[in-house]
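What you see is a predicted model; the values in this text were computed from it and never measured. Read the numbers this way: they start at 1 and go in the same order the structure lists the ligands and their atoms.
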Amino acid sequence: MSQNLKKSGLRLDKFIAKATGSTRSKAKKLILSGQVSVDQKICKSVGLIVSSQNQIELSGDVLAFTGNRYILINKPKGCICSSKDEQYPSVFNLLGLNNLDKLHFAGRLDVDTSGLVLISDDGQWTHRITSPTHKQAKTYIVTTSEPLTRKAIQQLEKGVLLKDSAKPTLPAIVSTIDDYTYSIAITEGRYHQVKRMFAAVGNHVVELHRRSIGSLILDETMEDGQWRHLTEKEIESF
Ligand code: URA
């Protein structure tokens, strides 16, 4: 969306279609069904001209006026963080959105990992989340095949050498939930990193779930496969 458009404004139905990746007719339906509010008041006027001065919400979620989309999904096991179906279906099938071509993942999860995944078409934003220089902490809940020894916890926290890698992992924070369940916070995003870290200390990850990225924590009420737009505050936290 150009700077001019942002200043001079655009029709509400066009804005909703762009910000949600849906068609203009779907956007109109959302507006007419009372799911859209402008400046905290439900607005059913599809042709209202809105600008970046307005706060526009869809079902209570503030939509970004940049025209970009920022999505949080609780990824279930059994689907892949890829834009296309391969051996398993793509997470994109769960979104039910159009215009998927520019959307990409801000950090992927394995097919058998569940939890918080961020998706956007704003490349600079996703770069700030995934680039190693920004060191965004990601927290995982790990179910293991064996209890972790105190020594293994110390090793994981200090950094371990992964198989086929010359550089040890950066320091991590490990907390014990119970004998077979741990939380681990890491700031890197190496391939299968958590599974390989636990393998490096002689253990095995049975289940893996991503709970948070930076200060953004997955809503406990979100069911597997459920998604929502991020709020302006959440977008700006990266
Ligand atoms: N580490 C893993 O091993 N798998 C994931 O999906 C994410 C982090």
Q) Can an N or O of Val194 be found at a distance shorter than 3.5 Å from an N or O of ligand 1? A) yes

**Q.** Test: Lys195 and Asp112 ion pair at under 4.0 Å
**A.** yes

Q: Taking only heavy atoms of Leu109 into account, list the atoms of ligand 1 that are under 4.0 Å away from them.
A: 6 (O), 7 (C)

Q) In terms of atom number and element, which parts of ligand 1 are under 4.0 angstrom from non-hydrogen atoms of Gln193? A) 1 (N), 2 (C), 3 (O)

Q) Below 3.5 angstrom, do we get any N/O pair linking Arg108 and ligand 1? A) no

Q. Charged N to carboxylate O under 4.0 angstrom, Arg228 versus Asp219?
A. yes

Q: With rounding to the nearest 0.5 Å, note down the distance linking CZ in Phe105 to OG in Ser82.
A: 6.5 Å

Q) Which atoms of ligand 1 sit under 4.0 Å from any heavy atom of Thr113? A) 4 (N), 5 (C), 6 (O)

Q: Could you say whether the N/O atoms of Tyr140 and ligand 1 ever approach to under 3.5 Å?
A: no

Q: Just jot down the salt bridge (Lys or Arg N to Asp or Glu O under 4.0 Å) partners of Arg210, sequence neighbours excluded, or say none.
A: none

Q. Is there a side-chain contact between Val206 and Thr144, using heavy atoms and a 4.5 Å cut-off?
A. no

(Q) Taking the basic N atoms (NZ, or NE/NH1/NH2) and the acidic carboxylate oxygens, is any pair closer than 4.0 Å for Glu207 and Lys77? (A) yes

Q) Do Thr126 and His104 meet the criterion of a side-chain donor-acceptor pair at a distance under 3.5 Å? A) yes

Q. In the protein, which heavy atom is nearest to atom 4 (N) of ligand 1, and how far is it?
A. Asp110 OD2, 2.7 Å

Q: With heavy atoms of Leu208 as the reference, note each atom of ligand 1 found under 4.0 Å away.
A: 1 (N), 2 (C), 3 (O), 4 (N), 5 (C)

Q | Test of proximity, His192 against ligand 1: N or O pairs below 3.5 Å | A | yes

